Structures are given as C-alpha cells and as structure tokens.
4 protein chains.
Amino acid sequence: MSYRSSEKTRRKKDSKRTAMMQAAVQVFAEKGYHAATVRDIVGAADVAIGTFYFYFPDKETLFVYLYEETADFLLQTIQQAVAGKQTLPQQVKAGVQAYINLAVYEPAVVNLLLVGGIGAVPSLAEKRLEFRRQLTRLWQRLLDAAVADDAIPAQDTRHSAEFIAGGCDEIILGLLEVPNPEPFVQNAADDLTTLVLRAVGMPD
Amino acid sequence: MSYRSSEKTRRKKDSKRTAMMQAAVQVFAEKGYHAATVRDIVGAADVAIGTFYFYFPDKETLFVYLYEETADFLLQTIQQAVAGKQTLPQQVKAGVQAYINLAVYEPAVVNLLLVGGIGAVPSLAEKRLEFRRQLTRLWQRLLDAAVADDAIPAQDTRHSAEFIAGGCDEIILGLLEVPNPEPFVQNAADDLTTLVLRAVGMPD
Amino acid sequence: MSYRSSEKTRRKKDSKRTAMMQAAVQVFAEKGYHAATVRDIVGAADVAIGTFYFYFPDKETLFVYLYEETADFLLQTIQQAVAGKQTLPQQVKAGVQAYINLAVYEPAVVNLLLVGGIGAVPSLAEKRLEFRRQLTRLWQRLLDAAVADDAIPAQDTRHSAEFIAGGCDEIILGLLEVPNPEPFVQNAADDLTTLVLRAVGMPD
Amino acid sequence: MSYRSSEKTRRKKDSKRTAMMQAAVQVFAEKGYHAATVRDIVGAADVAIGTFYFYFPDKETLFVYLYEETADFLLQTIQQAVAGKQTLPQQVKAGVQAYINLAVYEPAVVNLLLVGGIGAVPSLAEKRLEFRRQLTRLWQRLLDAAVADDAIPAQDTRHSAEFIAGGCDEIILGLLEVPNPEPFVQNAADDLTTLVLRAVGMPD
DNA sequence: CATGAATGAGGGTTCATTCAT
DNA sequence: AATGAATGAACCCTCATTCAT
C-alpha cells in the first residue's frame, strides 16, 4: 500500500508480499470481497498463486487484515489532522481536509472500506461495524468537547457524529466519481466544513 | 415485498413469482449478491430451482431488477411524503420521517440498497450511482426551492443534498443495528430533522 | 455395489447414484482413499463432477459409508455362512469358504477393506479398528463355544481369533494376486480350514 | 532408524540425510504415504525443504527406498533370530519373539510396512508383494525342512507360511494398539508360538 | 551444501444454469 | 407450469518440486 511507502522496511524478500498486498487492496476495493478472486490478486501482482498462500493464510484473513489496517490508517490520518487544532472549526476543517485528501490520493483506501465484503463473511460485518463506530466516535469526541465549552449547543452527539460521518462519505464518493477530482477538492472541503459546522449548531 | 402488495402481479398464477421476488429481496439484503445463492432464494420461497429460471433469466438480472424497483420504491415513498408540504422544515421532517419509517418497517429495502453487490455485478455500479443521484436530486430540489425563497442562504445545493443523503443513511443504519429500534425512532427522526435543517442554514 | 444387486430398489432415479457408488468402491479399492480422486470416481461412473456432490456430501463421508457398509456386508456374509453349523469344523469350513468366495467374486470388497485409507482421515483409523475387532470377535465367539464344549483346549481365544483372521486375509490376498484364482479356490479353502482347526487345537 | 545406527551413512556430512530418513520413517508410518508431506518430513528433521531434494530425488523414491530397506531389516532380523536354532519349535519361538520385539521397540518399522501407500504409489504394489513373498518364503523354508525331517506332516507349505505370516501381523498389530504393550509381549509371543506350531501340525 | 521463496498442476467443493420429464 | 437431477466452469487451497542466492 503506497500510503505505507514511508516505511523503511524495504527488504527485497518482501517485494512480492508488498506487491500482493497492494494488488489486493486494489482488487478488493474494485470488486468487493466475494467477486475478487485470489487469481485476480496474484494476476495483478504478477506472481503465482502458490505465492499468495506462502505469504497469507487465506483470502479471508488477508481481507480482514487489510480492512483493519486500512481502517486504522484512515482513522489515524484524520485523528492526526485534528490533533493539533484547538477550536471546533479548525478541527473540522482539518479533519475534512485530511479525509478528502486521502480519498483523492488513495481512492482504493476509501473504496475498500465502503465497497466492503458484507455478507457471508461473519467476521467482516463486525469489522465494518467497528470501523463505523470508531469513525463516529472520532467526531463525537470533538463534539462533546465543543459542547462542554459551550461552543455548540447541547445535542445527541452520537447522532450528530453519525450524520457527519455519513455526509462526508457521500460527498467524497461523489467526488471520486469524476475522473479528475483535484480541481473540485477545495470547494468540496470548504462546503463540507461549512455543512458540518452548521449541522452541529456552530454559530457562523 | 409488502410494499408491492397492491400491484397487478398479484394474479394467482404469479404467486410463485411473487414469492420468489419477496424471498430474493430478503436473501439479497441479508447476504449480499454473491453470498446469496439461487438455492437460498428458491428455498425461502419454497419452490423448485427450475421454477426460478422459468420466471427470471438469471440471478444477476433479477438482482438488478430488484435493486431498481426497490430504489424506485424508496424514492417514491420519500417523494410522496414530501409532496404535500410547503415549507422546508415541514418537508424535511416529512421526508426524514418517511425514510426512517420505511427502514424500520422494511429493513430489507434499505439493506438491499446498501449491502450491494458493487463491483461484483458490473451493471450494478451504474444502477447504484443512478440511485444515489436520484436520492440526492430529491433533496436538492427542495433546497433549490428554499434558496429561491430566501428561506436558506445560497449554497452548493448538490453538496448539501449529498451531505444530507449520506447523513440520513448513516443514522438509519445505526438505528437498524439495534434489535428493536422502534423506541428510538422518534428521537432519531427529530435529531435528523434538526441536523438537516441546521446544515443547510435554516434559521431556528 | 454388485453384491447388493439383489435389492429390489432399482429406481431409475438412483441409477447414477448406484453407478457412482459402484465406481467408488472400485476406485477406492484400487487406489486407496487418498490417491482416489473424486474426478476418478465420476469418470469411472461416467457422470459429471457436480453429480457426485448432488448425491454425496463429500469424499470422506462417502468413503466412510462405503467402508462401513462393505465391512458389514463381509461380516454378515461370514456370519450367515457360519450360523447354521453346529460343530466347530463345520463352522470353520463354512466361514472360510464364504470368505474366500466373497473375495474371489467381489475382490473390490476385500481390497477396499484392506487397502484402506489409513492416515490423515481421523474417523477412518477407528473404523478400520472397529472392523478388525468385529471380525476377530466373530471367530472368537465360535472358539469360546468350542472351548465350553471341550471341543478344543482352553486358550486365549482373542489371540487365536486374531491369528485366524490375519491368516485368512493373507492367504486370500495371495489368492487374489493370480489373474484367475477360481481353480485354486477349493484347495485354498481346504488348507485354510485345516490350518485354522489345527491352530486352535482341534483334534484331527 | 535406530536399527541403522551402525551403518556407513553415519559420516558427519550425512547427518542431515540420516535425520531426514529417520524422520521420514516416522512420518510415513504415522500418516501413510499420501498424507505425509515433504514439509512434515523436513520439519521433523529440522532441515530446510531444499535440503530434501539435495539428498533425495523425490518423495516417492524415498518412500520406496525406505520401504525396501525397512522390509529387508525386518526380514533379516527374523532370519538371524531363526538362524542358530535347530528344531522347528525353537525356530518358531525365536522368530516370533524377534518379530514381536521389533514391533514393540520400533513400531514405525511395522507401521511403515503395513500402513502403506498401496495403489497410490504404482511401483509400491510390487514392492509390497515382494516383501510379503519374502516373508512367506522365510517361514516356508523352515516348514519345508521340518516336513523333510518328518517333524510335521506333509502340507502345502506355501499356504501354511502365508497363514503364519498373516496371523503374526494381526496379533502384532493388536499388540501395538495398546499404549504400553510391554507387559503383554511375553504372553503374545507364547500364544503365537503355540498357534503357529499347532497350525502346521507339530505334535505337542 | 543449504536455504526457503516461488511455482503451478491438481484436488475438493460450490453453484449458476439447463433440460428431460 | 413446474420440477429437480445433471452439468461443468470456476473457486479456494495444497503440496511436490525447482532454483537463485
């Protein structure tokens, strides 16, 4: 996964492993868990099928692992963007910006998390649930703090956080539908920030 | 699908067809496109597997058809709820209420639309896109009218509509996760209405 | 299995099922459990591979079933041959004769039981053990009765029975090695009878 | 194989080769030819998989070689035990004793010869045949000499020898089924000796 | 000598689809 | 109309074997 490309671990031995994981993220993101075959993945990585099973125990384990890792990465990316900011407007702006940047730069990350492999893989449904829960909680923490500071009115911050999370996803998915979204990124980020802040009752 | 109970396909001769379609919605919604087998569907409908292929050309066609029909039904349900209302707050309240009611009473409808077989079924990606577009447009029309009436400030109503659509979905999915969501419905509807109205800049 | 050919159940519907079971006995007997592939079996039965899984849950289940059925059949065949006889010499003669006849007429039955699928299939090792135990017990019962009648001297009848069972198998396997064993059958049966009777101390 | 501990293959350089052969006997004996994987063997010998193919051309060749060597060892062990004895009773007693001792001390030797990969390995069927033939011939030679000395009555010594060989195997396998067979060894040896001598018509 | 990453044929099994009854 | 036995392509995965280091 190129978003991990900053890691120093670049041992030759793992080049195939890395290639397969990158390929797997793409293939899973594009087709979803079921439609993606192991042959698709090894084909994209240009290795033999046996190589897959040398590095990974099976398709499901890899998918779950990739899903978790991708989810963590996305959550941390947003979290870090938000971390240094003091006020809710700054936090929202930074978080939204980070999310959009990630989606535009690594669309597979977002697609993997949303296209999903829901159904039939029991361990997956709960992983997805867990991811949504964590994403929601991230927003919720910010809102709770803002409520405590009287920056925004009292409200059911869980609902608000869910609303924000879902709204962001939808706008971002819309953004990814156009071939070259870069020109629209800033606009989307600004609009999204405004929408979020208004939704939670932040005075202009 | 109980929401189709008044259609013409109710002729006795088509009872098996209807049974299979109802079963298919449930099975697809529960397992997703790939994990749902034709045998699951005919098993749930209590007919033979050959019967499936007498009424439907194949699994994919049925799924796409069901997806379209379900999407139309959801859109019309919301549209009708909104239709008689004059002001944006009334419209939002009615639309949100209708959406939530539908989700709680017919969770399979929502699940079918969201669980998806994206990627898996090539022709489905665009169907899904089309559904989201229509759902967004539905909100967008209301917002555009409100902007024209100076009820809410000028804004990119497409972005706003996407935000609303995504936010609604997320809250509704959260609602469906609990076993007996009925007690929480009113609360969710109220919160959702508030969030939507605030997000688009409607003064309290 | 042709040794069940006397059954009246000859429904057309089960012709493929029967063909596969017959083929399976042959293939398993010839190659053993592991080397026999499902494709071998369906090839021998001239049906498609999917047909196998329409009738049987999986390869292992079929093998265990066939093994049990074959073992029961062999045990009952010997048991019945022995049943009407009063004296030990008559019983031994009849039992040995029956066993040899079966082996010559249905070599696959014997081969299936002896070539086996030992190793790796846990449920199989005990099945084989159980079969040997039952075969031994069959002889042991005869010997115990003979000891009680003072027809033969007191002895560890379990050891004697094991000795007999193993000795019979070896002679029979030797018999099956020649292409046309029929001419040697009578001789083998006589020798075997003498050996068994002598071994247990039956006076000439 | 501990029974090979005094051979020339003991040179330091071949320690890995030896380790693999010892491991292979155990693994093959325990799982049978097919279920035993090359990885099982190298794992048990604690060497890399490539090392296997440096010393042995392939799995099948090793198995056949091990089978032959094991068969020879067993035959020689019995042969040597019998060699110094003059009378049939002494010979039988010594041979049976040697066989049982070997089975109890080196169960893998016996299991390897009996668990088999019959059918699975084409070249093995004849190896097994050859082993049984030699084992039978060993007994047959003793019987022929005894017949010539009028120690036992004239008989088809081939049949008698087969009977003995099979009978021994069965009792020995029965012995190996119990976890700690040592206490039963003497009893089994005595019974077996008696059974063999009686079977061939040796007067008490 | 020794290693273990890499290969791919092949095995068990599933499931959409067909067709004779 | 309706059935369900039959089909076979395709899936996931294993494992004997090779070869660059």
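Numbered from 1 within each chain, the chains take letters A, B, ... in sequence-line order. What you see is a predicted model; the values in this text were computed from it and never measured.
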query = Touch check for A/Tyr53, heavy atoms < 4.0 angstrom, all strands: base, sugar-phosphate only, or nothing?
reply =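 Contact class for A/Tyr53: base.
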request  = Select base, sugar-phosphate, or nothing to describe what C/Thr37 touches, counting heavy atoms under 4.0 Å on all strands.
outcome  =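 Sugar-phosphate, backbone atoms only, no base.
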message = Parallel, tilted or perpendicular, judged at 30° and 60°: which one describes the rings of B/Phe131 and B/Tyr67?
response =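 Perpendicular, since the angle between the ring planes exceeds 60°.
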D/Phe28 and D/Tyr33 aromatic ring geometry - parallel, tilted or perpendicular at 30°/60° bounds =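 Parallel.
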CE on A/Met21 to OG1 on A/Thr70, rounded to 0.5 Å =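 The distance works out to 8.0 Å.
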key: Rounded distance (nearest 0.5 Å) linking atom CD1 of A/Ile41 with atom CD of A/Gln26   =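 A/Ile41 CD1 to A/Gln26 CD: 11.5 Å, rounded to 0.5 Å.
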task = On DNA chain E, check which nucleotide each of B/Gly50 and A/Thr51 is closest to and give me the residue with the more 5' one.
result =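 Its nearest nucleotide being more 5', the pick is A/Thr51.
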inquiry  = Heavy-atom nearest nucleotide on DNA chain E for A/Ile49 versus B/Ile49: which residue maps closer to 5'?
reply    =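 The residue mapped nearer the 5' terminus is A/Ile49.
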Whole-Å distance separating the [atom1] atom of [X] from the [atom2] atom of [N]:
X	N	atom1	atom2	result
D/Phe63	F/dT17	CZ	C1'	19 Å
B/Phe28	E/dA16	CZ	P	9 Å
D/Met20	F/dT17	CE	P	12 Å
A/Leu62	F/dC11	CG	C1'	16 Å
C/Phe54	E/dT14	CZ	P	14 Å
D/Glu60	F/dT17	CD	C1'	14 Å
D/Phe56	E/dA2	CZ	P	12 Å
A/Asp14	E/dG4	CG	P	14 Å

task = Hey, which sits more toward the 5' end of DNA chain F by its nearest nucleotide, C/Phe52 or A/Val38?
result =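 Mapping each residue to its closest nucleotide by heavy atoms, the 5'-most match is C/Phe52.
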query = Which sits closer to the 5' end of DNA chain F, D/Pro57 or A/Ala36, going by the nucleotide each is nearest to?
reply =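 Upstream on the strand: A/Ala36.
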message = Return the pairing partner of E/dA20 with a 3.5 Å limit on both distances, Watson-Crick or G-U wobble; otherwise return none.
response =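 Looking at the geometry, E/dA20 pairs with F/dT3.
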ask   = Which one is paired to F/dG8, where only Watson-Crick or G-U wobble pairs with both distances under 3.5 angstrom count?
value =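 Pairing partner: E/dC15.
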key: Base E/dG10 to side chain C/Arg39, donor-acceptor N/O within 3.5 Å cut-off   =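 Flag unset: no donor-acceptor pair detected.
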Nucleotide nearest D/Lys16 when distance is taken to its side chain, options F/dC12, E/dT3, F/dT3 =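 The closest nucleotide is E/dT3.
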ask   = Picking from E/dT3, F/dA2, E/dT7, which would you name as closest to the side chain of B/Tyr55?
value =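 Out of E/dT3, F/dA2, E/dT7, the nucleotide with an atom closest to B/Tyr55's side chain is F/dA2.
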ask   = Would you say a side-chain N or O of A/Lys59 is under 4.0 Å from OP1 or OP2 of F/dC11?
value =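 Answer no for this pair, as no side-chain N or O of A/Lys59 is under 4.0 Å from OP1 or OP2.
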inquiry  = Taking the cut-offs as 6.0 angstrom to the six-membered ring centre and 45 degrees off its axis, would you call D/Lys59 and D/Phe52 a cation-pi pair?
reply    =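 Relative to the ring axis of D/Phe52, which defines the angle, D/Lys59 lies outside at least one limit.
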